[in-house]
Amino acid sequence: MDDDDDDIPQLSSHTLAALQEFYLEQQQREGMKTSQGFNQYSIGSIEEDWQLSQFWYSDETASCLAKEAVVAAGEGGRIACVSAPSVYQKLKELDGKDFSVCILEYDRRFSVYGDEFIFYDYNQPLNLPENLLPHSFDIVIADPPYLSEECLQKTAETIKYLTKGKILLCTGAVMEEQAAKHLGVKMCKFIPKHLRNLANEFRCYVNYASGLD
């Protein structure tokens, strides 16, 4: 019988090293969660799923956006996070008593957050629970999962249904024209950062006088 080992695809040394680094990082994160009594609201407590186009913000960016949302919402304000779970997590870490927040997300792993989790599929932008009343949120923070006009347009329907007026959108710089077209928002000076460097430049857009300029 012939030896067919030569026909088996071999991973390059670079790919093997990258895989080993990824698994090591994963083990270290799991170890940190165990040893530090990991907060369920900490960024990274739920791993990114790249197949769902998930890329978490850096801690600094999530903090900045969360604090901006609290100020914009005002005392007793309601905040909706649409496909922006790391901002939701940071808002929960702030443990504010003068605002409320909910998370609209396709990834059902976030259902661990109980009643504040609302399953959301941007392909069905207005398929929302009956108790989610129109124009019931003081500010909506959204980060559409894909850099396409179709995704932005459908997410915009959700945003406009939910918000009383204020919108904070995070998406690619290449979406500036479409963001203005569908939501009437303008680019801010603040540049959001992610835990991992992304190929596309990201920016924030608002339709009100914000602290992000």
Side-chain angles (χ1 to χ4, degrees), residues 43 46 48-73 79-91 101-107 110 118-128 132 134-135 137-213:
I43 297 171
I46 294 177
E48 295 169 329
D49 184 340
W50 297 338
Q51 291 183 323
L52 294 178
S53 190
Q54 291 178 342
F55 304 97
W56 301 159
Y57 298 128
S58 69
D59 192 74
E60 182 181 6
T61 289
S63 292
C64 183
L65 296 178
K67 290 172 182 175
E68 170 61 31
V70 171
V71 172
I79 302 168
C81 296
V82 179
S83 305
S86 47
V87 178
Y88 168 82
Q89 289 171 325
K90 185 56 65 174
L91 283 162
V101 59
C102 73
I103 174 175
L104 287 81
E105 175 58 53
Y106 183 79
D107 188 345
F110 290 96
I118 297 161
F119 176 75
Y120 171 69
D121 182 349
Y122 80 86
N123 288 300
Q124 298 176 298
L126 298 180
N127 185 14
L128 302 168
L132 211 60
H135 315 304
F137 290 90
D138 296 281
I139 184 170
V140 176
I141 305 170
D143 186 343
Y146 302 104
L147 297 182
S148 71
E149 184 166 10
E150 180 201 16
C151 182
L152 177 60
Q153 183 176 2
K154 289 179 177 178
T155 304
E157 289 185 51
T158 309
I159 295 169
K160 288 185 282 190
Y161 175 86
L162 294 173
T163 187
K164 292 179 181 179
K166 292 179 180 178
I167 298 166
L168 201 174
L169 175 73
C170 295
T171 188
V174 297
M175 303 300 292
E176 181 176 11
E177 187 177 327
Q178 290 90 339
K181 173 184 173 182
H182 294 292
L183 287 168
V185 291
K186 293 183 179 180
M187 186 183 288
C188 307
K189 292 178 182 177
F190 177 74
I191 299 178
K193 302 292 185 184
H194 293 78
L195 287 176
R196 301 174 190 274
N197 292 325
L198 304 186
N200 297 296
E201 180 186 358
F202 258 65
R203 299 302 295 262
C204 292
Y205 305 82
V206 295
N207 65 343
Y208 63 95
S210 76
L212 299 176
D213 279 323

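Every heavy atom of this structure was used, including side-chain atoms; hydrogens, water molecules and symmetry mates were not.
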Inset, instruction - Would you check if the side chain of T163 reaches a backbone N or O of I159 as a donor-acceptor pair within less than 3.5 Å? - result: no

Legend entry - T158 versus Y120, side-chain donor and acceptor atoms under 3.5 Å: yes

Legend entry - Expected output: side-chain D138 to main-chain A72 donor-acceptor under 3.5 Å: no

Inset, instruction - Answer whether the closest heavy-atom distance between the side chains of I191 and R203 falls below 4.5 Å. - result: yes

Legend entry - Spatial distance of atom CG (D107) from atom CZ (F119) [nearest 0.5 Å]: 9.5 Å

Legend entry - Closest non-hydrogen atom pair, L212 against C64: CD2-SG, 3.8 Å

Legend entry - Gap between atom CD of E68 and atom CD1 of I139 - 0.5 Å precision: 6.0 Å

Inset, instruction - May I ask you to test the P125-Y161 pair for a side-chain heavy-atom distance under 4.5 Å? - result: no

Legend entry - Short side-chain to backbone donor-acceptor contact, T155 and Y122, under 3.5 Å: no

Legend entry - Any L65 side-chain heavy atom under 4.5 Å of C204 side chain: yes

Legend entry - Side chain proximity check, L104 to L128, heavy atoms < 4.5 angstrom: yes

Inset, instruction - Kindly give the heavy-atom pair with the smallest separation between A66 and K90, and that separation in Å. - result: CB-CG, 3.8 Å

Inset, instruction - Enter the distance from L162:CG to I79:CD1 here, rounded to the nearest 0.5 Å. - result: 13.5 Å

Inset, instruction - Please state whether the rings of H194 and F202 are parallel, tilted or perpendicular, taking 30° and 60° as the class boundaries. - result: perpendicular

Legend entry - Heavy-atom closest contact (I167 atom, Y208 atom, distance): O-CE2, 3.5 Å

Legend entry - Inter-residue atom distance D121.CG - S83.OG, 0.5 Å rounding: 9.5 Å

What donor-acceptor contacts under 3.5 angstrom involve side-chain atoms of residues 169-189, with partners at least two apart or in another chain?
| unit_1 | atom_1 | unit_2 | atom_2 | d |
| --- | --- | --- | --- | --- |
| K181 | NZ | E149 | OE2 | 3.0 |
| H182 | NE2 | E149 | OE2 | 2.9 |

Inset, instruction - Let me see the working for L91 and C81 under side-chain contact (heavy atoms from CB on, under 4.5 Å), right down to the final yes or no. - result: CA-CA 10 Å; L91 283 162; C81 296; 3.8 Å; yes

Inset, instruction - Could you tell me which non-hydrogen atom of A62 sits nearest to which non-hydrogen atom of Y57, and how far apart they are? - result: N-CB, 4.1 Å

Inset, instruction - Would you name the heavy atoms of E105 and A84 that are closest together and state the gap between them? - result: OE1-N, 4.4 Å

